[in-house]
S.K.: 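Before we start, here is the structure in question, set down as structure tokens.
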Number of protein chains: 2
Amino acid sequence: MPKYMHIANVLRNQIMSGEYVANQQLPLEKEFCEVFSVSKMTVKKALDILVSEGLIIKRRGYGTFVKDLTQVEIQRLMMSRQFIGTSALYTKSEVRSKVINFTVDAAPADIAEHLNIEEGSFVYNIYRVRIVDGEPLAIEQTYMPIDVIPGLKIENVQGSIYEYIEVKLNSAIQSAHRKIRVRKATDFEANELGLELGDPVGIVEQTGYLNTGELFEYSFSIHKYDSFQIEFVLTRE
Amino acid sequence: MPKYMHIANVLRNQIMSGEYVANQQLPLEKEFCEVFSVSKMTVKKALDILVSEGLIIKRRGYGTFVKDLTQVEIQRLMMSRQFIGTSALYTKSEVRSKVINFTVDAAPADIAEHLNIEEGSFVYNIYRVRIVDGEPLAIEQTYMPIDVIPGLKIENVQGSIYEYIEVKLNSAIQSAHRKIRVRKATDFEANELGLELGDPVGIVEQTGYLNTGELFEYSFSIHKYDSFQIEFVLTRE
DNA sequence: AAGTGGTCTAGACCACATT
DNA sequence: ATGTGGTCTAGACCACTTC
């Protein structure tokens with residue numbers, strides 16, 4: 001593990017455990033250099049990670065301070081930081097899947113465009129109901145090119161597709177682009193999720209990239225309104 | 001402007017103008033060093049900005065590549081990158097405000113907790129209907145401590161509060177924490193937004209921080225479902 | 001004036017991916 | 001074997017904030 005990541009981990013744990021409290025000034029960069037026996041650039045890189053996570057604030061000419069957050073907010077931030085998958089939207093609970101469809105199809109025009117592949121290329125067409133703590137909370141439609149994610153089996157689809165990609169395929173997921181929308185549930189969605197017709201649902205549209213730069217996933221999920229929540233941090237510069 | 005920012009701007013423009021196209025390999029870091037007459041660390045920092053914006057992907061031992069994005073996606077990304085304010089959710093259009101309430105109140109317990117101030121401290125209580133292209137699209141309730149944002153006038157509330165803070169007050173907004181939820185519109189909300197009772201609305205709950213680390217804003221906005229969309233990029237590491 | 005974090009360098013060495 | 005990006009250093013200088 002790089003030194004800067006180790007330092008970021010140590011300080012993150014100290015903030016999460018309350019060793020540094022809200023609004024408290026942290027030791028100076030110069031002091032951290034001595035404590036960890038590293039150069040200034042390395043300390044700065046570690047602190048910048050915590051800034052981007054929303055935990056601390058740095059002020060030139062003044063110092064570095066823990067952000068004005070409650071312990072609950074800090075815990076929430078750290079949970080939503082960990083993962084990228086759709087199942088990660090329901091952090092604390094166990095997520096199962098009822099597989100409604102798992103086929104390989106020729107990609108229709110709109111899907112091909114989202115995945116940036118030729119129309120008619122073969123893609124997995126995966127349709128799942130996501131069940132959290134025994135309750136159906138989301139419907140998820142996923143498309144993945146078969147040549148980017150080879151060898152996907154029904155067992156993987158029933159569990160975590162992301163785990164298959166990272167562990168079995170030894171590929172790494174690099175990033176994801178997300179769009180959040182809101183609309184009324186269709187008849188079908190209402191039925192699957194135990195809602196009334198016209199009840200609200202949250203829509204998450206996602207395209208996922210491997211660290212090879214390849215587009216590996218286009219997914220579209222519909223979430224029951226009363227258990228849906230997404231959190232994130234925006235930072236300037 | 002720092003060199004790394006200048007370099008990031010130049011390359012961002014080249015990607016946005018199509019000078020570098022999807023999946024194309026960029027020049028090597030070493031080559032950028034010569035082109036811009038800077039050191040390797042400076043080039044790396046510039047490229048890392050574009051990675052975090054979701055425009056490019058770097059692969060150790062291989063090279064740096066433009067992400068597999070359509071021109072439309074690139075334009076969208078760049079729009080949502082610019083601002084942090086609630087009005088920035090409606091990027092391309094003109095946003096006006098109908099001010100329903102603008103008072104200074106003693107903060108009730110729940111608001112005081114969100115702003116991390118003493119219960120009973122004075123806060124602006126601002127209630128606005130946000131009107132985009134002549135149509136009411138969102139209701140926004142904002143609380144700000146008066147001693148953090150002194151001198152706020154009705155004119156500022158009718159326009160952009162963020163502009164008042166940045167230009168007139170010469171403070172800088174550093175970051176914001178956001179939660180997105182979905183629920184049914186209340187009677188009042190439906191009336192203000194021209195919806196049926198029970199229609200879906202998107203909820204954005206936001207706490208804003210100045211670069212001093214001070215919590216300056218707690219806001220809560222309710223958005224008409226058919227014109228609501230939020231986009232963001234998640235990156236690993 | 002003193003002290004903070006921010007930028008930048010020139011070069012060393014490392015981890016990883018291709019050929 | 002070669003070449004890529006990743007990490008790290010020691011130190012210089014700059015921009016900003018407070019006292």
Side-chain angles (χ1 to χ4, degrees), chain A residues 1-11 23-52 55-67 166 169-172 174-175 209-214 235-237, chain B residues 1-11 23-52 55-67 166 169-172 174-175 209-214 235-237:
Chain A
M1 181 187 300
K3 290 182 186 177
Y4 71 85
M5 204 178 293
H6 168 71
I7 296 170
N9 290 345
V10 168
L11 299 181
N23 295 309
Q24 182 177 345
Q25 177 163 14
L26 292 181
L28 306 180
E29 291 192 352
K30 201 171 62 179
E31 293 169 337
F32 278 134
C33 291
E34 290 167 13
V35 172
F36 293 105
S37 301
V38 295
S39 72
K40 190 183 162 192
M41 287 290 282
T42 303
V43 167
K44 178 172 162 23
K45 192 160 183 182
L47 292 174
D48 282 345
I49 289 175
L50 301 183
V51 168
S52 76
L55 288 176
I56 66 172
I57 285 196
K58 299 203 284 185
R59 298 179 62 187
R60 187 195 313 218
Y62 193 40
T64 302
F65 300 81
V66 179
K67 231 181 192 177
E166 301 235 305
L169 223 54
N170 201 25
S171 292
Q174 196 268 351
S175 62
Y209 294 81
L210 299 180
N211 65 353
T212 61
E214 285 171 302
T235 312
R236 278 260 168 104
E237 276 153 318
Chain B
M1 180 188 301
K3 290 183 186 177
Y4 71 86
M5 204 178 293
H6 168 71
I7 296 170
N9 290 345
V10 168
L11 299 181
N23 295 309
Q24 182 177 346
Q25 177 163 15
L26 291 180
L28 307 180
E29 291 191 351
K30 201 171 61 180
E31 292 169 338
F32 279 133
C33 291
E34 290 168 13
V35 172
F36 294 105
S37 301
V38 296
S39 72
K40 190 183 160 191
M41 288 290 281
T42 303
V43 166
K44 179 172 162 21
K45 193 160 182 180
L47 291 174
D48 282 344
I49 290 175
L50 301 184
V51 168
S52 76
L55 288 177
I56 66 173
I57 284 196
K58 300 204 285 184
R59 299 178 63 185
R60 186 195 316 218
Y62 193 41
T64 302
F65 299 81
V66 179
K67 230 181 193 176
E166 302 237 303
L169 222 54
N170 199 26
S171 292
Q174 196 267 352
S175 61
Y209 294 80
L210 300 179
N211 65 354
T212 61
E214 283 171 303
T235 312
R236 278 260 168 104
E237 277 154 317

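Chain A is the first sequence line, chain B the second, and so forth, proteins listed ahead of strands; every chain is numbered from 1. Side chains are part of it too, since the values below use all heavy atoms of this structure and drop only hydrogens, waters and symmetry mates.
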S.K.: Quick one: OH on A:Y4 to CG on A:D48, what's the gap to the nearest 0.5 Å?
M.R.: 11.5 Å
S.K.: Atom pairs, N/O to N/O, protein against nucleotides 14-19 of chain C, distance under 3.5 Å?
M.R.:
{"residue": "C:dA15", "atom": "O4'", "partner": "B:R60", "partner atom": "NH1", "Å": "2.9"}

S.K.: Do A:T235 and B:Q174 make a side-chain contact, defined as non-hydrogen atoms from C-beta onward lying under 4.5 Å apart?
M.R.: yes
S.K.: Going 5' to 3' along DNA chain D, between which two nucleotides do contacts with chain B fall, using a heavy-atom cut-off of 4.0 Å?
M.R.: D:dG3 to D:dC8
S.K.: Considering only distance and modelled atom types, tabulate donor-acceptor pairs under 3.5 Å from the side chains of residues 32-43 of chain A, sequence neighbours left out.
M.R.:
{"residue": "A:S39", "atom": "OG", "partner": "A:T42", "partner atom": "OG1", "Å": "3.4"}

S.K.: Which ones in residues 26-45 of chain A lie close to DNA chain C, meaning a heavy atom under 4.0 Å from one of its atoms?
M.R.: A:L28, A:E29, A:K30, A:K40, A:M41, A:K44
S.K.: To the nearest 10°, give me the bend of the helix from C:dA1-D:dT18 to C:dT18-D:dA1, comparing the axes of its five terminal pairs at either end.
M.R.: 10°
S.K.: What heavy-atom pair brings B:M1 and B:N9 nearest, and what distance separates the two atoms?
M.R.: SD-ND2, 3.5 Å
S.K.: Find out whether B:K45 and B:K3 are in side-chain contact, i.e. whether some heavy atom of one side chain is under 4.5 Å from a heavy atom of the other.
M.R.: no
S.K.: Can you confirm whether B:E29 sits close enough to B:L26 that some side-chain heavy atom of one is under 4.5 Å from a side-chain heavy atom of the other?
M.R.: no
S.K.: How close do B:K58 and B:V51 get, counting heavy atoms only, and between which atoms?
M.R.: CG-CG2, 3.9 Å
S.K.: List the residues meeting side chain to side chain contact (heavy atoms under 4.5 Å, CB included) with B:N23, not counting sequence neighbours, and say none if there are none.
M.R.: B:D68
S.K.: At what distance, to the nearest 0.5 angstrom, does CD1 of B:I56 lie from CD1 of B:I49?
M.R.: 10.0 Å
S.K.: Shortest non-hydrogen contact from A:Y62 to A:Q25?
M.R.: O-NE2, 3.5 Å
S.K.: Give, for atom OG1 of B:T64 and atom CG of B:L50, the distance between the pair rounded to the nearest 0.5 Å.
M.R.: 10.0 Å
